[in-house]
Amino acid sequence: MSHQDFVRTLRPDRNLGMELVRATEAAAISARRYIGKGNKNQADGAAVDAMREFLSTVDMQGVIVIGEGEKDDAPMLFNGEQVGSGIGPLCDIAVDPIDGTSLTAAGRQNALSMIAVSDRGSMLDASTVFYMNKLVAGAEGVGVLDIRLPIAENIRLLAKAKNKDVGDIVVAILDRPRHAGLIEEVRAAGAATRLMLDGDVAGGIQAAMYGSRIDMCAGIGGSPEGIVTTCAIKALGGFIQGVLAPKTDEETARGLAAGLKFDHVYEADELVSSNNTLFVATGVTDGSLVRGVSIKGPIIRTDSIILRGHSGTIRRIQSDYNSERWGQ
């Protein structure tokens, strides 16, 4: 076997996605009992423990580049943690056992358990700067949109590219005080908003999916979510740009020390340089991307999606588990 052939065998493949979905399913199932109970860290802790246990059985040599938890001392799979069985493909991993812990705790929609994977060394490590301004759309936005333009101009350009009226364009935005001006600009342009309580990964993916009611996702959200979304966008052939948005001078200094660029537009291939990506998600609560975990008599049912960048494949998976084996 040549060295090139050997390296090729150590890259994420389609079978890895089918293995990883067991980890997101386990995290979602473990979090189910805490839906609507008001304690987001309890839900997140259960999901983290389940995801870590299942990841240890997956044949890969994974390193977590993007973990969660540092911003609020929540339970986490930490940055730099090695996951997997220690054999198999060399992978960068981005994890969020629950994207939308507050949604889960409140019993609201659109909470996900998710994992993104790419070739080793291909994910931008933006962990020192938590927030990123993002612009996401479908394939029609490639070569057309630019985050440096006013949002009204991007809406007009996207409407033209999609052969739609501006009034029919829907922009998903996190419902945060920092976005008051952005929301006003979108509506002043004649477009509609879809305000999200949390979970801009799902909003970004839906903006890039064919036939979705969302045309664009815009605004400031988590940098980790930006990397995860990019792995999905690679499979969907969509558009994404990001600009880091530090909150303090200290955060800026940490980012500069880590080699990050400010006042710089990160294109998709800078956020994740490989096209050999996987995005795997399972619904915790019901949402427009996937349904949440449900109990059907003696069965626990999960709904998941796998997006593979290399082939541009979208797989939807419904799994039924024996509830007694999960103690639920």
Side-chain angles (χ1 to χ4, degrees), residues 17-18 20-29 31-32 35 43-44 47 51 66 68 94-104 106-117 134-139 141 170-175 192-219 221-222 224-240 277-294 300-309 312-319:
M18 297 302 292
L20 291 172
V21 77
R22 298 188 305 121
T24 57
E25 287 173 350
I29 290 170
R32 186 201 68 83
I35 294 172
D44 203 27
M51 181 174 283
I66 301 293
E68 271 282 39
V95 297
D96 198 344
I98 303 180
D99 178 42
T101 52
S102 296
L103 298 177
T104 303
R108 295 193 175 107
Q109 293 189 337
N110 292 317
L112 300 170
S113 176
M114 60 191 185
I115 300 173
V117 177
K134 290 163 277 189
L135 184 66
V136 189
V170 177
V171 182
I173 304 171
L174 282 171
D175 191 4
T193 56
R194 177 72 59 84
L195 300 184
M196 304 176 290
L197 290 172
D198 212 334
D200 63 337
V201 171
I205 291 173
Q206 288 177 86
M209 293 186 82
Y210 178 77
S212 169
R213 295 179 66 186
I214 294 175
D215 299 285
M216 182 189 296
C217 187
E225 286 82 354
I227 305 303
V228 171
T229 302
T230 303
C231 287
I233 296 303
K234 295 271 185 170
L236 297 168
F239 167 88
I240 184 169
T277 61
L278 287 165
F279 170 84
V280 180
T282 300
V284 177
T285 59
D286 283 341
S288 48
L289 184 63
V290 285
R291 294 185 300 274
V293 180
S294 60
I300 301 175
R301 178 165 293 171
T302 62
D303 187 36
S304 305
I305 188 170
I306 301 175
L307 306 177
R308 186 176 181 234
T313 307
I314 303 174
R315 286 185 171 87
R316 296 187 177 275
I317 299 171
Q318 180 181 289
S319 300

### Query
Which value, rounded to the nearest 0.5 Å, describes the distance between Thr277 atom OG1 and Ile227 atom CD1?
12.0 Å
### Ile233 and Val136, any side-chain heavy atoms less than 4.5 Å apart
yes
### Query
In Å and rounded to the nearest 0.5 Å, what is the CG to CE distance from Leu289 to Met114?
10.5 Å
### Query
Under the side chain to side chain donor-acceptor pair (under 3.5 Å) test, which residues partner Ser212, sequence neighbours left out?
none
### Task
Look at the side chain of Asp215 and the backbone N and O of Val170, then say whether any donor-acceptor pair between them is shorter than 3.5 Å.
yes
### Message
Could you report the tightest heavy-atom contact between Ala218 and Val171, atom names first, then the distance?
### Response
CB-CG1, 4.1 Å
### Rounded distance [0.5 Å steps], CZ in Arg315 versus CG in Leu307
10.5 Å
### Query
Are any of the side-chain heavy atoms of Cys231 and Val117 separated by less than 4.5 Å?
no
### Task
Check side chain to side chain donor-acceptor pair (under 3.5 Å) between Arg301 and all other residues, then give those that pass, not counting sequence neighbours.
Asp320
Counting only pairs under 3.5 Å, give me each side-chain donor-acceptor contact of residues 22-29, with atom names and distances, residues two or more places apart or in other chains.
unit_1	atom_1	unit_2	atom_2	d
Arg22	NH2	Glu19	OE1	3.2
Arg22	NH2	Thr57	OG1	2.9
Thr24	OG1	Val21	O	3.1
Thr24	OG1	Thr282	OG1	2.8
Glu25	OE1	Tyr321	OH	2.2
Glu25	OE2	Ser319	OG	2.7

### Query
What heavy-atom pair brings Met196 and Cys217 nearest, and what distance separates the two atoms?
CE-SG, 4.0 Å
### Message
I'd like to check Arg213 versus Arg194 (side-chain heavy atoms, cut-off strictly below 4.5 Å). Are they in contact?
### Response
yes
### Query
Please, which pairs that meet salt bridge (charged side-chain N to carboxylate O under 4.0 Å, His left out) have at least one residue in residues 277-287, sequence neighbours excluded?
none
### Query
Between Ile173 and Leu195, is any pair of side-chain heavy atoms under 4.5 Å apart?
yes
### Query
Under 4.5 Å between any side-chain heavy atoms of Leu135 and Phe239, yes or no?
yes
### Task
Please round to the nearest 0.5 Å and tell me the distance separating atom CD1 of Ile115 and atom CD1 of Ile66.
14.5 Å
### Message
Val290 and side chain to side chain contact (heavy atoms under 4.5 Å, CB included): which single residue from Ile317, Thr302, Ile305 fits?
### Response
Ile305
### Task
Could you point out which residue of Leu174, Thr230, Val201 forms a side chain to side chain contact (heavy atoms under 4.5 Å, CB included) with Glu225?
Val201
### Task
Please report the closest heavy-atom contact between Ala111 and Thr285, naming both atoms and the distance.
N-OG1, 3.0 Å
### Query
Does the side chain of Ile314 come within less than 4.5 Å of Leu236's, by heavy atoms?
yes
### Task
May I ask you to test the Leu197-Asn110 pair for a side-chain heavy-atom distance under 4.5 Å?
no
#### Entry: Backbone N/O of Pro97 and side chain of Ser113: donor-acceptor pair under 3.5 Å
yes
### Summary
Here the pair of heavy atoms bringing Leu278 nearest to Gly17 is CD1-N, 3.7 Å
### Summary
For Arg108, the salt bridge (Lys or Arg N to Asp or Glu O under 4.0 Å) test, sequence neighbours excluded, returns none
### Message
Just verifying a value: how many Å separate Leu20 CG and Ile306 CD1, rounded to the nearest 0.5 Å?
### Response
8.0 Å
### Heavy-atom side-chain contact between Val280 and Ser304 under 4.5 Å
no
### Message
Holding to side chain to side chain donor-acceptor pair (under 3.5 Å), I want the full list of residues that pass it with Lys134, two or more places apart in sequence or in another chain.
### Response
Asp200
### Query
If you round to the nearest 0.5 Å, how far is CD1 of Ile98 from CG of Asp198?
11.0 Å
### Summary
Closest non-hydrogen atoms of Ala94 and Val228, given as atom of the first, atom of the second and distance, are CB-CG2, 3.7 Å
### Query
Which atom pair, heavy atoms only, marks the closest approach of Ala31 to Val284?
CB-CG1, 4.2 Å
